[in-house]
Number of protein chains: 2
Amino acid sequence: MKEPYVKKIIARYNGEGQIQETIDDVVTEFPLTLFVNGKEVVTLVCTPNDLKELGIGFLISEGFIADFSEVVSLDLQEEGFLNIRLNKEIKNTGTFLRRNIASCCGKGRAGLYFINDARQVKSIDSAKKVNLSDCLTNMKILEERSELFHLTGGVHSAGLIDGKSILFYYEDIGRHNTIDKVIGSAVINQITTFDKSLILSGRISSEIVIKAARASIPVIISKAAPTDLAVDLGEELNISIIGFTRGQKLNIYSCKERIIL
Amino acid sequence: MKEPYVKKIIARYNGEGQIQETIDDVVTEFPLTLFVNGKEVVTLVCTPNDLKELGIGFLISEGFIADFSEVVSLDLQEEGFLNIRLNKEIKNTGTFLRRNIASCCGKGRAGLYFINDARQVKSIDSAKKVNLSDCLTNMKILEERSELFHLTGGVHSAGLIDGKSILFYYEDIGRHNTIDKVIGSAVINQITTFDKSLILSGRISSEIVIKAARASIPVIISKAAPTDLAVDLGEELNISIIGFTRGQKLNIYSCKERIIL
């Protein structure tokens with residue numbers, strides 16, 4: 001497998017009149033192709049680590065499976081092929097299976113409308129309350145922990161948090177991939193999610209909210225902005241959307257009553 | 001058409017012990033579906049402005065057309081349908097046409113391999129030299145100009161630059177969309193590109209380099225990081241990749257001889 005970053009000889013200008021040759025760490029792109037029951041499902045352009053978590057998380061967050069018990073076998077090949085065998089057939093081989101998803105994205109119009117299809121997303125039933133100070137503290141931890149970001153400046157990060165601590169932490173060039181890795185890890189390790197929060201460095205678009213809903217995570221905390229659709233879906237699916245979590249500040253966009261001082 | 005942003009009632013914590021209700025600007029998501037000669041090609045989740053530029057730029061940067069003379073008609077409907085009629089049939093209705101691309105992304109493995117197919121990307125033949133100080137100055141202009149970013153914090157921006165000035169400037173929730181809008185605008189306005197540079201706020205992934213190559217732009221300047229594949233493609237396609245353009249500093253990753261002090 002490729003490494004998550006490589007060394008390159010670059011020319012650096014540091015503002016002092018001279019261009020100097022130096023060696024820098026550059027983040028890598030790696031294509032992971034998922035096969036489910038022998039059928040090609042999707043190619044994710046990603047950071048080449050935690051690929052089993054990525055694959056399983058993708059199947060959960062895209063509604064293919066509900067839990068890890070449906071997975072019979074999991075085989076990762078060096079060339080970037082992840083073969084997953086399920087104890088069931090997968091239904092939709094229509095629009096969905098004909099997509100390719102790249103390093104930081106999802107599925108466009110389909111994504112917005114899939115909510116109404118067979119893989120329907122349910123509103124989250126969770127009495128969880130979240131301490132505002134835990135959101136601020138965990139964002140600080142997330143930022144400090146991002147090694148690959150500090151090396152390359154080219155990745156997003158995400159984690160699953162429980163009160164004051166981050167249970168799982170993942171990095172990826174793809175904003176969506178970080179979420180899938182977190183969800184995959186929770187599912188593989190059979191961690192309950194309805195009482196946890198998802199924390200991430202990247203923007204909260206509608207698809208991130210759908211992924212969280214499919215994984216039964218009632219709170220999403222981001223350093224960045226949400227979109228209008230993400231906020232509307234948050235209200236609809238009973239998910240608290242928290243954005244611009246920076247320093248001692250944050251904004252709560254939906255299900256505000258869940259956040260306590 | 002939807003507006004690029006909407007007002008939402010949010011709860012804000014500003015670090016001083018109280019959560020306060022306030023009104024905030026939130027960036028919108030809008031699905032634009034492209035039909036070419038009556039056939040559905042792709043749905044782009046985007047910021048709802050400059051949609052004709054986006055559509056034409058997409059066709060150029062994805063190799064469907066080589067210039068605007070191939071476009072017979074262009075009809076944008078309120079619901080987000082862009083009908084484009086060409087003076088030719090489009091060839092590949094295989095893998096390519098079966099993709100959906102979302103708010104900040106491309107096409108995964110396919111993208112990496114399409115270089116070898118009929119829509120082959122050619123190395124750029126340009127003697128253009130770029131002044132390092134122009135890169136720094138234009139990045140400052142790009143940052144100051146991003147109105148929607150200043151309002152919502154949720155968009156990328158990109159522009160086409162000629163020496164000391166930015167000719168075209170676009171914003172979008174999708175990193176790729178900003179590039180397509182710039183390219184579309186250049187093509188529609190019949191501006192030569194082989195002597196210009198592309199400037200953007202987002203990361204430089206391999207697909208951004210392929211888009212630039214298809215639009216014959218020899219220099220890409222970003223505020224953010226490049227990936228390894230982007231740097232390799234830069235060398236291969238004779239495109240200068242400049243990253244981390246911040247304040248008085250920048251890094252040159254490929255075709256370094258083009259950048260002069």
Side-chain angles (χ1 to χ4, degrees), chain A residues 5-6 8 10-15 17-19 24 26-29 31 33 42-45 95 98-112 132 152-154 173-175 203 205-207 224-231 243-244 247-253 256 259 261, chain B residues 5-6 8 10-15 17-19 24 26-29 31 33 42-45 95 98-112 132 152-154 173-175 203 205-207 224-231 243-244 247-253 256 259 261:
Chain A
Y5 66 95
V6 293
K8 295 263 184 202
I10 69 159
R12 177 167 284 159
Y13 181 74
N14 63 8
Q18 254 187 313
I19 297 176
D24 200 22
V26 176
V27 74
T28 54
E29 283 183 51
T33 302
V42 75
T43 295
L44 303 159
V45 176
T95 322
R98 290 193 270 106
R99 296 188 284 136
N100 274 321
I101 294 181
S103 60
C104 58
C105 259
K107 57 185 172 295
R109 185 182 297 267
L112 312 177
L132 194 147
T152 68
I173 51 166
R175 189 165 56 96
R203 280 176 307 137
S205 55
S206 57
E207 293 195 85
T227 65
D228 67 327
L229 269 181
V231 174
F244 290 103
Q248 288 305 304
K249 298 178 184 178
L250 56 75
N251 292 341
I252 313 163
Y253 293 86
K256 296 160 191 157
I259 314 305
L261 266 173
Chain B
Y5 66 94
V6 293
K8 295 264 182 201
I10 69 159
R12 178 167 285 161
Y13 180 75
N14 62 9
Q18 253 186 315
I19 297 176
D24 200 22
V26 176
V27 74
T28 55
E29 283 183 52
T33 303
V42 74
T43 295
L44 303 160
V45 176
T95 322
R98 291 192 269 108
R99 296 187 285 136
N100 274 320
I101 293 181
S103 59
C104 56
C105 257
K107 55 185 173 295
R109 185 182 295 269
L112 312 177
L132 194 147
T152 68
I173 51 166
R175 188 164 57 92
R203 280 176 307 137
S205 55
S206 57
E207 292 194 84
T227 66
D228 67 326
L229 270 181
V231 174
F244 291 103
Q248 288 305 305
K249 299 178 184 180
L250 56 76
N251 293 340
I252 313 162
Y253 294 86
K256 295 159 192 158
I259 314 306
L261 266 173

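Just so we're on the same page: letters track the sequence lines, and every chain starts at 1.
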Self-check item: Most chain B-contacting option - heavy-atom pairs closer than 4.5 Å, from A:I259, A:L261, A:V26, A:I252
Solution: A:I252

Exercise. Measure from the side-chain N and O atoms of A:R203 to the backbone N and O of B:I173, and report whether any donor-acceptor pair falls under 3.5 Å.
Key: yes

Quiz prompt | Proximal component of A:V6, with respect to chain B [non-hydrogen, under 4.5 Å] | solution = side chain

Self-check item: Approximate separation, where rounding is to 0.5 Å, of B:Y253 OH and B:D228 CG
Solution: 12.0 Å

Practice problem: Measure the spacing between CD of A:E29 and CD of B:E207 and express it to the nearest 0.5 Å. | Solution: 7.5 Å

Practice problem: Check whether A:T227 gets within reach of chain B through its side chain, its backbone, both or neither, counting any heavy atom under 4.5 Å. | Solution: both

Quiz item: What part of B:T28 gets closer than 4.5 Å to chain A, counting heavy atoms only: side chain, backbone, both or neither?
Solution: both

Quiz item: About how many Å separate OH of B:Y13 and CD of B:Q18, when rounded to the nearest 0.5 Å?
Solution: 9.5 Å

Exercise. Counting only heavy atoms closer than 4.5 Å, note whether A:Y5 contacts chain B via side chain, backbone, both or neither.
Key: neither

Exercise. Evaluate the criterion side-chain contact (heavy atoms from CB on, under 4.5 Å) for residue pair A:R12 and B:N251; output intermediate values, then yes/no.
Key: CA-CA 5 Å; A:R12 177 167 284 159; B:N251 293 340; 2.9 Å; yes

Practice problem: Could you look at A:L132 and say if it's the side chain, the backbone, both or neither that has a heavy atom under 4.5 Å from chain B? | Solution: side chain

